[in-house]
Amino acid sequence: MKKRILRLILSCSLAVAMLLSLCACTKKDDSKKLTTVTLNEVAHSIFYAPMYVAIENGYFEEEGIDLQLTTGFGADKVMAAVISGEADVGFMGTEASIYAYAEGTSDCVCNFAQLTQRAGNFLVSREPMDSFSYDDLVGKEVLGGRAGGTPEIVFEYILKKNGISPSEVNIDQSIDFGSTAAAFSGGKGDFTVEFEPSATALETAGEGYVVASLGVDSGYVPYTAFSAKQSYIDANPELIQHFTNALQKGMDYVATHTPAEIAQVIAPQFPDNDTNTITTIVTRYYDQETWKTDLIFTEESFNFMVEMLTDAGVLDIDVPYEELVDTSFAKQAISQE
């Protein structure tokens, strides 16, 4: 009897050990199925909340992707990383792919998913202004963006829209993308153009006051999109589809949840900001309809960007939508929902 019990215990122990071993092997095999994709983002900002939702909620892993996120701090730097192969996918202003095409790159960088449909930056004043008008910028120093970059192009578009020539404003374009808030805090400029969380940080410190939203004042603009070299897309169509599927899941979450819920999810991406601050910023973007509900980059939006670049004097050739935009992946991501 004792021998039978002993054999039963040994058999059970062996079965449990085999089960644990099988689980461990299965988990290990699952990890092997993940394909690494290096994504270089133009900046790390709450402005891009749907992407961070996709990261934090594990949507990329669900789609078989091990996402490696790096920050380029400027569309020009992101584009350089994509062209050199340092990054598989770039997330940047849509003007970057247009410039690359205009410069004659042999391997076009194609936009396959548009994330934001409004500008994400805000005009910050050194002093409180109850009734701000863009006329208040005439003759003043404004810390702007890189010459030819989307932030600067959109800012100049807004000035013209309000009957002001950019030459009437002293726009400082010499300061690095990520350093304007620090420069403003240090006393440089009368106004500065800032993304979040920098705009709110200046307000919280009592060093600046948001007086206008460039996203509201510019209207709908194809501000940022995901892109990759055409050769990479051609070689990895399924991977690009899975990548786009993960992004669409992030878009869906943002479209169906409150700013507070969104803030809770993306909080780990912004450890220097408390959840209440993140919620305030998400609400600001949410209320102005910053994010699309899908990732389709329309021809109308593309042509509007080309028009702004042409009017700004930084583009003087025709640019074909069909060569720089591929909507097939975004459309497929919607159909799979």
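From a predicted model like this one, the values you see are computed outputs, not experimental measurements. FYI, side chains are in, hydrogens and waters are out, and symmetry mates aren't considered; it's all heavy atoms of this structure.
The closest donor-acceptor contact from the side chain of Asn162 to the backbone of Ile164 lies at 3.5 Å or more, if one exists at all. At distances below 3.5 Å, at least one donor-acceptor pair connects side-chain atoms of Ser213 with backbone N or O atoms of Gly215. Judged by distance alone, the side chain of Gln288 and the main-chain N or O of Val216 form no donor-acceptor pair under 3.5 Å. In terms of modelled atom types and a separation under 3.5 Å, the side chain of Thr256 and the main chain of Asp252 share a donor-acceptor contact. The backbone N or O of Glu62 lies less than 3.5 Å from no partner atom in the side chain of Lys249, so there is not a single donor-acceptor pair. Using a distance-only test at 3.5 Å, with no hydrogens or angles considered, no donor-acceptor pair links the side chain of Ser185 to the main chain of Ala181. In this structure a side-chain-to-backbone donor-acceptor pair under 3.5 Å is missing from Glu152 to Gly149. Judged by distance alone, the side chain of Ser97 and the main-chain N or O of Leu324 form no donor-acceptor pair under 3.5 Å. With hydrogens and angles ignored, the 3.5 Å screen pairs a side-chain donor or acceptor of Glu261 with a backbone N or O of Thr258. The main-chain N or O of Ala330 is never found under 3.5 Å from a side-chain atom of Gln248 such that the two would form a donor-acceptor pair.
Transitive grouping of hydrophobic side chains (ILVMFWY, heavy atoms separated by less than 4.5 Å) brings Phe132 and Val142 into a common cluster. Residues Tyr220 and Val154 are members of separate hydrophobic clusters, defined by side-chain heavy-atom contacts under 4.5 angstrom among Ile, Leu, Val, Met, Phe, Trp and Tyr. Hydrophobic clustering, with ILVMFWY side chains joined whenever heavy atoms are under 4.5 angstrom apart, groups Tyr134 together with Phe122.
When all heavy atoms of Asn276 and Asp274 are compared, the pair lying nearest together is N-OD1, 3.0 Å. Here the closest non-hydrogen pair linking Pro237 and Phe329 is O-CE2, 3.4 Å. In plain terms, the two heavy atoms of Lys292 and Gln117 that are nearest each other are CG-OE1, 3.3 Å. Closest non-hydrogen pair, Ile266 versus Ala49, comes out as CG2-O, 3.9 Å. Taking every heavy atom of both residues into account, Ala81 and Ser84 meet most closely at O-OG, 3.1 Å. What you find for Thr71 and Ala43 is that their closest heavy atoms are CG2-CA, 3.7 Å.
Within the 4.5 Å cutoff, no side-chain heavy atoms of Glu86 are placed close to those of Thr38. In this structure the side chain of Tyr286 reaches within 4.5 angstrom of the side chain of Trp291, judged on heavy atoms. At a threshold of 4.5 Å between non-hydrogen side-chain atoms, the residues Val319 and Leu309 do not count as touching. Within the 4.5 Å cutoff, the side chain of Val314 has heavy atoms near those of the Tyr99 side chain. Two residues are said to be in side-chain contact when any heavy atoms from C-beta on lie closer than 4.5 Å; Ile334 and Ile296 meet this criterion. Residues Leu159 and Ile171 have side chains in contact (heavy-atom distance under 4.5 Å, counting atoms from C-beta outward). Inter-residue side-chain proximity for Phe297 and Ser227 is flagged as unmet; no heavy-atom pair is nearer than 4.5 Å. Contact annotation: the side chain of Thr94 never approaches that of Gln114 to less than 4.5 Å [non-hydrogen atoms, C-beta and beyond].
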With a cut-off of 3.5 Å and sequence neighbours excluded, list every side-chain donor-acceptor pair involving residues 197-206.
from	atom 1	to	atom 2	distance (Å)
Thr200	OG1	Glu196	OE1	2.9
Thr200	OG1	Glu196	OE2	2.8
Glu203	OE2	Val210	N	3.1
Thr204	OG1	Thr200	O	2.9

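Here Met308 contributes atom CE and Thr150 contributes atom OG1; the two are 7.0 Å apart, rounded to the nearest 0.5 Å. Between the CG atom in Asp234 and the SG atom in Cys110 there is a gap of 9.0 Å [rounded to 0.5 Å]. Put simply, CZ on Arg118 and CG on Leu214 are 11.5 Å apart, with the number rounded to the nearest 0.5 Å. Interatomic distance, OH of Tyr59 versus CE of Met251, reported as 13.0 Å (0.5 Å rounding). Annotation: the span from Lys161 atom NZ to Asp217 atom CG amounts to 7.0 Å, rounded to 0.5 Å. To the nearest 0.5 Å, the span separating NE2 on His242 from CD on Gln332 amounts to 10.5 Å.
The side chain to side chain contact (heavy atoms under 4.5 Å, CB included) with Met92 is formed by just one residue from the set Thr224, Asn40, Val82; it is Val82. For the side chain to side chain contact (heavy atoms under 4.5 Å, CB included) test with Phe226, the passing option among Val89, Thr244, Asn111 is Val89; the others fail.
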Worksheet item: Are Phe184 and Ile175 close enough, and set up right, to give a side chain to side chain contact (heavy atoms under 4.5 Å, CB included), and what steps lead you there?
Response: CA-CA 10 Å; Phe184 187 75; Ile175 303 174; over 6 Å; no
Worksheet item: What do the steps show when you test Leu239 against Phe243 for side chain to side chain contact (heavy atoms under 4.5 Å, CB included), and what is the final call?
Response: CA-CA 6 Å; Leu239 186 59; Phe243 186 98; 5.8 Å; no
Fill in: Derivation and outcome, side chain to side chain contact (heavy atoms under 4.5 Å, CB included), residues Phe47 and Leu115
CA-CA 10 Å; Phe47 182 36; Leu115 187 77; over 6 Å; no
Practice prompt. Tell me, with the steps shown, if Phe302 and Ile98 meet side chain to side chain contact (heavy atoms under 4.5 Å, CB included).
Written response: CA-CA 10 Å; Phe302 180 84; Ile98 296 174; 4.0 Å; yes
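Cation-pi geometry between Arg126 and Tyr209 is not satisfied (NZ or CZ under 6.0 Å from the ring centre, within 45° of the ring normal).
Of the N and O atoms on the side chains of Gln241 and Asn245, at least one donor lies less than 3.5 Å from an acceptor on the other residue. Looking at Glu194 and Thr180, their side chains do bring a donor and an acceptor atom within 3.5 Å of each other. A donor and an acceptor atom, one from each side chain of Tyr52 and Glu41, are located under 3.5 Å apart.
Counting only residues at least two apart or in different chains, salt bridge (charged side-chain N to carboxylate O under 4.0 Å, His left out) contacts with residues 128-143 comprise Glu141-Lys188.
With a 6.0 Å radius and a threshold of 12 heavy atoms from other residues, nucleotides or ligands, Glu322 has its CD atom above the threshold. In Glu207, the CD atom is crowded: over 12 heavy atoms of neighbouring residues, nucleotides or ligands sit closer than 6.0 Å. Residue Phe73 places its CZ atom among 12 or fewer non-hydrogen atoms of other residues, nucleotides or ligands, all under 6.0 Å distant.
Ring to ring, Tyr157 and Phe304 are close: their centroids are under 6.0 angstrom apart.
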